[in-house]
Amino acid sequence: MTITAIKGINDILPNAVGKWQLVESVARRIFTNFGFQEIRIPILEKTELFARSIGESTDIVEKEMYTFPDRNGQLLTLRPEATASVVRAFIQHRLHLQPSMRKFYTIGPMFRHERPQKGRYRQFHQINVEVFAIDDPMVDAEVIYLLLVFLEELNIPDITLHLNSMGCPDCRQPFRQSLTSYLDSVSAKLCSDCQRRRSTNPLRIFDCKVESCRQLVAKAPVLMDHLCDDCVDNFQSVKDHLDSLGVSYTIDPHMVRGLDYYNRTTFEAITPHLGAQNAVGGGGRYDGLMKTLGGPDLPATGFAIGMERLILLLDEQTDVETGPNRLFVACLGEEAQRRGFGLVQELRLRDLFVEMDYESRSLKAQMRRADKLSVTHVLILGEDELARGAATLRNMETSTQEEIPLEGLTEQILSRLKLSDQELT
Ligand code: ATP
Ligand code: MG
């Protein structure tokens with residue numbers, strides 16, 4: 001029996017990879033301009049890292065992590081998200097002592113054992129952004145602005161920004177009590193998960209996907225109405241900065257993020273085009289996480305974007321750049337093949353896309369392959385041409401051709417192709 005990939009874990013084939021590269025290159029360019037530096041963190045971590053940071057009673061930790069003992073019996077987890085690892089790395093390498101390193105981004109696969117469907121997979125990819133050690137609401141606004149600028153640069157349509165405040169421990173504690181009494185009054189109607197969450201982590205009920213719970217939650221008290229004065233001021237300040245950047249937003253007091261570590265401003269970028277999988281990206285402040293994980297008590301904020309959802313939303317027309325000029329070298333006969341093989345390598349070293357056929361097939365077959373590769377030019381090295389000390393360069397776009405002497409052939413080709421490059425731009 002043939003072996004197939006694991007359900008919900010997909011290959012990205014060459015004909016799709018261009019969009020991925022486009023998304024990554026736009027991210028790198030924009031994030032760099034915003035002062036972010038790339039950090040690359042491992043895919044495998046000790047389970048404890050995620051259990052402690054994401055929260056024991058979240059869906060991720062309760063149901064979705066890929067966790068297994070390694071050969072020494074140590075419990076490991078395929079990362080379900082990146083923030084915990086970036087924080088761990090920051091603490092481990094004592095980066096708080098290096099003021100040049102405050103803003104990080106990272107791109108890579110995450111793993112969650114969820115039910116696979118459109119926009120939801122078991123291996124998926126995220127672009128993550130994290131800012132450490134800066135407490136100012138200006139940074140919350142900047143991170144949100146960055147998310148939107150990035151989506152706009154990729155022409156992702158109809159995004160709305162949802163904004164909420166998760167308060168701080170001071171306002172969350174009293175709120176928890178009023179939420180719990182509401183939940184007690186409707187407890188018979190809650191799903192079994194939420195029955196349990198009621199005592200372990202009542203705020204998680206806002207994240208429940210069960211329809212009956214969602215209806216109950218719609219009538220529940222919200223943290224937004226219970227914020228302490230400092231949190232109200234802080235949220236107002238974030239909104240003021242967003243206003244001054246011209247960002248519009250919707251206040252969504254029912255939005256809680258799927259992870260426990262958030263406080264104060266949280267946000268999600270929502271699309272109407274992906275059904276239930278409507279969040280393209282989301283994030284917020286998580287000031288307590290660094291300390292929880294044994295590091296210095298430093299504030300933090302960030303977001304994660306789901307790349308599969310982005311790719312689904314990318315305009316079909318989004319053209320993926322191939323180098324403007326592409327050459328195919330068609331060789332007829334053994335001597336031509338030998339010379340062509342050397343020429344192809346030489347031109348590649350001069351930064352040109354060049355391909356050839358290795359199987360000495362007919363000119364017709366080789367031209368068909370050239371066509372499939374969408375080359376702009378074909379160089380024909382035939383026996384007759386070789387005997388004359390020449391080769392034929394065919395321009396596939398204009399269907400014209402010219403003969404070029406073999407002597408100085410490389411330079412001749414380069415000057416023709418690079419010249420028409422410039423004409424194209
Ligand atoms: P959702 O509510 O859709 O499950 P989430 O709140 O669990 O999302 P986050 O943990 O905030 O998601 O991750 C950030 C982004 O990563 C999401 O907005 C989404 O675009 C993407 N994402 C999350 N889980 C998956 C998945 N299983 N498959 C594909 N993309 C995902
Ligand atoms: Mg989820």
Side-chain angles (χ1 to χ4, degrees), residues 1-5 10-26 28-29 107 125 154 311 314-425:
M1 211 171 68
T2 53
I3 300 171
T4 55
N10 301 314
D11 301 305
I12 301 166
L13 299 180
N15 59 358
V17 104
K19 288 192 173 178
W20 289 79
Q21 290 174 343
L22 173 80
V23 166
E24 285 163 16
S25 71
V26 170
R28 286 178 203 287
R29 175 166 55 77
I107 304 178
H125 298 76
L154 288 171
I311 305 278
L314 269 191
D315 190 344
E316 284 302 316
Q317 305 309 314
T318 303
D319 241 345
V320 177
E321 271 187 43
T322 48
N325 272 330
R326 297 155 62 88
L327 177 71
F328 187 87
V329 178
C331 309
L332 295 165
E334 231 171 83
E335 173 59 12
Q337 190 87 356
R338 196 185 57 76
R339 290 184 79 139
F341 184 60
L343 177 70
V344 163
Q345 316 308 338
E346 207 179 319
L347 288 166
R348 286 170 174 166
L349 295 184
R350 302 288 293 273
D351 200 24
L352 200 65
F353 172 97
V354 192
E355 191 50 290
M356 68 178 290
D357 211 42
Y358 302 93
E359 294 147 321
S360 324
R361 293 185 297 172
S362 69
L363 181 61
K364 205 168 148 197
Q366 294 192 52
M367 291 306 279
R368 257 203 310 271
R369 172 120 194 279
D371 211 43
K372 289 244 159 60
L373 291 169
S374 319
V375 295
T376 53
H377 297 75
V378 177
L379 185 79
I380 303 164
L381 282 177
E383 279 166 339
D384 296 351
E385 278 106 334
L386 278 189
R388 279 203 303 279
T392 302
L393 182 66
R394 184 173 169 83
N395 183 324
M396 302 295 277
E397 277 152 6
T398 57
S399 297
T400 53
Q401 55 187 48
E402 62 173 316
E403 206 163 275
I404 302 177
L406 286 181
E407 195 158 327
L409 184 59
T410 305
E411 296 307 325
Q412 289 291 335
I413 292 174
L414 283 171
S415 81
R416 301 280 194 296
L417 268 70
K418 301 265 165 165
L419 196 74
S420 44
D421 262 15
Q422 285 159 10
E423 282 166 1
L424 283 174
T425 52

- Query: Does the Gln337 side chain pair with the main chain of Asp357, one donor and one acceptor, at a distance under 3.5 Å?
  - Reply: yes
dist Leu409:CG -> Leu381:CG (nearest 0.5 Å) comes out at 7.0 Å
Taken to the nearest 0.5 Å, the spacing of Gln412 CD from Glu402 CD works out to 8.0 Å
Walk me through whether Thr400 and Asn395 qualify under side-chain hydrogen bond (donor to acceptor under 3.5 Å, both in side chains).
CA-CA 5 Å; Thr400 53; Asn395 183 324; 4.8 Å; no
Taking every heavy atom of Leu154 against every heavy atom of Leu314, the minimum-distance pair comes out as O-CD2, 3.6 Å
(message) Between Phe353 and Val375, is there a side-chain heavy-atom distance shorter than 4.5 Å?
(response) yes
Between the CD1 atom in Ile413 and the CG atom in Leu379, the distance rounded to the nearest 0.5 Å is 4.5 Å
Quick note, salt bridge (Lys or Arg N to Asp or Glu O under 4.0 Å) partners involving residues 382-391, not counting sequence neighbours, are Arg388-Glu403
Applying salt bridge (Lys or Arg N to Asp or Glu O under 4.0 Å) to Arg339 and not counting sequence neighbours gives none
Distance col, row Glu346:CD vs Thr410:OG1, nearest 0.5 angstrom, shows 3.5 Å
Open item on the list: I want to check something: taking the side chain as every heavy atom from C-beta on, are Val354 and Leu343 in contact at a cut-off of under 4.5 Å?
Closed with: no
- Query: Do the side chains of Met367 and Val378 get nearer than 4.5 Å, heavy atoms only?
  - Reply: yes
### Message
Quick check: do Ile107 and Val23 have side-chain heavy atoms less than 4.5 Å from each other?
### Response
no
Check your understanding: Taking side chain as C-beta onward, heavy atoms only, is Tyr358 less than 4.5 Å from Met356?
Key -> yes
Given side chains that start at C-beta, do those of Ile404 and Arg416 come closer than 4.5 Å, heavy atoms only?
yes
What one should report as the nearest heavy-atom pair of Ala330 and Leu363 is CB-CD1, 4.0 Å
Checklist entry - Do Gln366 and Arg369 meet the criterion of a side-chain donor-acceptor pair at a distance under 3.5 Å? => result no
So, Arg350 side chain and Leu414 main chain: donor-acceptor pair closer than 3.5 Å or not?
no
Distance col, row Phe328:CZ vs Thr376:OG1, nearest 0.5 angstrom, shows 13.0 Å
(Q) Are the side chains of His125 and Ile12 in contact, using a 4.5 Å heavy-atom criterion? (A) yes
Tightest non-hydrogen contact, residues Gly340 and Cys331, listed as CA-SG, 3.9 Å
